[in-house]
2 protein chains.
Amino acid sequence: MLGDFDLKKQLKNCGCRFTGQRSAILDVLVEHKGEHLSTEEIYTYVKENNAHIGIATVYRTLMLLERLGITNKLDFDDGFSRYELAKENEVHLHHHLICSSCGSVSEVKEDLLDKLEQQILEKNKFLVKNHIIKFYGLCENCRK
Amino acid sequence: MLGDFDLKKQLKNCGCRFTGQRSAILDVLVEHKGEHLSTEEIYTYVKENNAHIGIATVYRTLMLLERLGITNKLDFDDGFSRYELAKENEVHLHHHLICSSCGSVSEVKEDLLDKLEQQILEKNKFLVKNHIIKFYGLCENCRK
DNA sequence: ATCCGTGCAAAGTATTTGCAACCTA
DNA sequence: TAGGTTGCAAATACTTTGCACGGAT
């Protein structure tokens, strides 16, 4: 798998080892690209082909993948840490739409924030490297 | 105190009772306007004048205040729920600047998002009622 | 007097950690 | 072989809940 090759290289670069568990966890994230899986969900999917994996390994691996910049940790205030592949964000950052009524999460894929971030650098002397934007409101279904 | 009067009215409106603990917790939030206190910090401050209050009451009251729209719950991914007075947001919504290096949190007080939210309504049929924006990057100090 | 609110402690839930066995390099 | 990695279980950390007592209306 393509993902494995990159992972192997990146792990070597940081002196870490390439293991079946780490590969399997990344595979799950690749297979579910576009979703925002919780640790528990990732654990469940990984167990399908890796029955004896422990959830501590999932937590540790997700921490590692985030440190390597392979994943982004997301937070929708539902009590779970969620993850997505960071690659998707190379071109654009996501804006998440969270419905206050049904809790559904969808995405906007536009980035109109460059202007704002430029102003922040000028006025606050703060260099923006990444952002997480959560819009709370009512989705199409719940507005009916 | 001014805050007490509003609280009393709002509590009555929802069939809830006005108690010393609820008043004291709101007082702490008013005294620390502009900060983003964690539940634990609020608990510590309230105990100064209310030595025997329990932390469960703080959690329950903050939940109530949020339901009443008096406070906003914030989340800076540091493992704590944080709160601020919602009033501050009547005029403008906050954008938080979170430094990846030192963890400091500051604020931008501009709202250039109206245009984007209008587009979201048109393209995603999603009606934005509120938003939380977290910019991750490097603050002035850490860029030196 | 009623019954909501409180404090305490126990329970819950997500996540982290210690450690011996295991596996990658 | 050496040392990073794993699985298990115990430990943490934050938050919620059950219940009897206390206080607001």
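A, B, ... follow the sequence lines: proteins, then strands. Residue 1 opens every chain. Hydrogens, waters and symmetry mates play no part in the numbers below; they use all other heavy atoms, side chains included.
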- request: Output the residues of residues 40-49 of chain A in contact with DNA chain D, where contact means a heavy atom of the residue under 4.0 Å from an atom of the strand; sort by number or write none.
  value: none
Interface polar pairs with nucleotides 11-13 of chain D, N/O, under 3.5 angstrom:
none

message: Taking ring-ring contact (aromatic ring centres under 6.0 Å, His included) as the definition, give me every residue that meets it alongside Tyr45(B), ordered by chain and number, with sequence neighbours left out.
response: His32(B)
Distance, rounded to the nearest Å, where Ile55(B) contributes CD1 and dT16(D) contributes P: 11 Å
- line: Leu11(A) CG to dG4(D) C1', in whole Å, measures 12 Å
field: N/O donor-acceptor pair under 3.5 Å between Arg82(A) side chain and His36(A) backbone
entry: yes
- prompt: OH of Tyr59(B) versus P of dG18(D): gap in Å, rounded?
  reply: 17 Å
message: Does this structure show an ion pair linking Glu84(A) with Lys33(A), if we count only N-O contacts that are shorter than 4.0 Å?
response: no
query: Is it true that a side-chain atom of Thr57(A) and a backbone atom of Ile53(A) form a donor plus acceptor pair closer than 3.5 Å?
result: no
query: Which value, rounded to the nearest 0.5 Å, describes the distance between Thr39(A) atom OG1 and Met63(A) atom CE?
result: 9.0 Å
field: Side-chain (Arg22(B)) to main-chain (Leu11(B)) donor-acceptor, under 3.5 angstrom
entry: no
- prompt: Which two nucleotides bound the region of DNA chain C that has atoms under 4.0 Å from heavy atoms of chain B, read 5' to 3'?
  reply: dC3(C) to dC8(C)
query: So what does Ile53(B) touch, heavy atoms closer than 4.0 Å: a base, only the sugar-phosphate, or nothing?
result: sugar-phosphate
message: I'd like to check Asp6(B) versus Leu26(B) (side-chain heavy atoms, cut-off strictly below 4.5 Å). Are they in contact?
response: no
- request: Return yes if some donor-acceptor pair links the side-chain N/O of Glu41(A) with the main-chain N/O of Ser38(A) below 3.5 Å, else return no.
  value: yes
Whole-Å gap separating C1' (dT5(D)) and CE (Met63(A)): 14 Å
task: Would you give the length of the straight line joining atom CD of Gln21(A) to atom CZ of Arg60(A), rounded to the nearest 0.5 angstrom?
output: 10.0 Å
task: Could you state the atom-to-atom distance from CG of Leu62(A) to C1' of dT5(D) in whole Å?
output: 15 Å
message: Is there a path of hydrophobic side-chain contacts, each under 4.5 Å between heavy atoms of I/L/V/M/F/W/Y residues, joining Val58(B) to Phe80(B)?
response: no
statement: Output for pair (Glu31(B) CD, Leu37(B) CG), nearest 0.5 Å, gives 10.0 Å
message: I'd like to check the side-chain hydrogen bond (donor to acceptor under 3.5 Å, both in side chains) partners of Glu48(B); sequence neighbours left out, ordered by chain and number.
response: none
query: Are any non-hydrogen side-chain atoms of Leu29(A) and Tyr83(A) less than 4.5 angstrom apart?
result: yes
field: Summary of protein contacts for nucleotides 19-25 of chain D, nucleotide by nucleotide, where a base hit scores B, a sugar-phosphate-only hit scores S (4.0 Å, heavy atoms)
entry: ----BBS
